[in-house]
Amino acid sequence: MPLWQELTHIGLLKAIEKTNVAVLPTGALEAHGNHLPLGTDNILPKYLVDAINDRTSALVLPPINYGDSWIFNEFEGTITVEPSALVAFYTNVMKGVFKHSIRYLLVLNGHGGNSGHLETAAKDATNKGERIVIIVNWWRDLSESARAIVLETPEGHAAEDETSEVMHVAPYLVDMENATKARVRTKFRVVSGTYRRELIPRATFGDPTRASKEKGKLIMEQACDEIVELVNQLEKGNIPYLPSEEN
Ligand SMILES: [Zn+2]
């Protein structure tokens with residue numbers, strides 16, 4: 001996968017002759033339990049694009065490593081970007097990609113708070129449907145069967161799934177001695193000017209104590225295979241649809 005920022009402007013034109021797909025990793029800088037790094041939502045998508053480097057010729061854009069982390073803004077280390085600024089930024093980057101004959105922009109998104117803003121930007125940037133943005137919320141859209149097999153507890157934030165993934169990708173960044181479970185649920189949606197810390201104690205929602213690097217390995221390997229398959233399909237002009245449940 002050629003890296004957009006390492007090519008010359010002439011080299012970029014040559015690279016685009018071989019593919020009509022660009023990949024944009026997006027993430028966030030936010031608290032992830034007492035045991036995972038602030039950049040968890042950046043580290044995992046970066047690992048995925050690095051891991052499939054020699055398996056596709058799609059172009060990789062520099063990642064956008066800040067996102068909408070308003071919910072975790074009460075925790076130290078979280079840096080959040082206002083939605084209006086984030087949407088404008090995403091829109092500008094997408095339009096910059098679509099100046100070229102790139103037909104599909106695959107956004108490999110690592111953070112839930114970005115999803116709606118990416119959709120808003122994509123509506124504006126896709127030239128009335130002539131171009132297409134595919135948003136892959138990777139922790140939800142990929143590795144479904146691996147997750148079903150290996151996970152013993154529900155997915156969450158800094159939970160068993162995400163902790164296992166970071167244990168596989170960057171074990172030296174995981175502090176399992178400080179991993180504790182928390183799962184505060186409310187019957188109704190609670191919203192205030194600042195999101196309340198007691199609703200997400202220790203920036204955790206789920207049970208990281210059940211995590212293991214073996215579980216993370218299986219999830220990440222399946223995610224890599226699915227991204228490569230998606231890029232291959234897009235390069236052929238196919239948008240992969242799921243089989244209809246009505247038939
Ligand atoms: Zn996360």
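These numbers were taken from a predicted model, which means no experiment stands behind them. Just follow the structure's listing: the first ligand is 1, and inside any ligand the first atom is 1.
Surrounding CD of Glu82 are at most 12 heavy atoms belonging to other residues, nucleotides or ligands under 6.0 Å away.
Inter-residue side-chain proximity for Thr163 and Arg210 is flagged as unmet; no heavy-atom pair is nearer than 4.5 Å. You'll find the side chain of Asp41 reaches within 4.5 Å of the side chain of Glu162, heavy atoms only.
Listed by first then second residue, pairs satisfying side chain to side chain donor-acceptor pair (under 3.5 Å) with a partner in residues 2-11 number zero, not counting sequence neighbours. Among residues at least two apart or in separate chains, ring pair (Phe, Tyr, Trp, His ring centres under 6.0 Å) pairs with a member in residues 154-180 are His32-His157, Tyr47-His168, Phe72-His157.
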Name the atoms and distances for all side-chain donor-acceptor pairs under 3.5 Å in residues 54-61, with sequence neighbours left out.
unit_1, atom_1, unit_2, atom_2, d
Arg55, NH1, Asp225, OD1, 3.2
Arg55, NH2, Asp225, OD1, 2.9
Thr56, OG1, Ala58, N, 2.8

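Tally of protein N, O or S atoms closer to the Zn ion (ligand 1) than 2.8 Å: 3.
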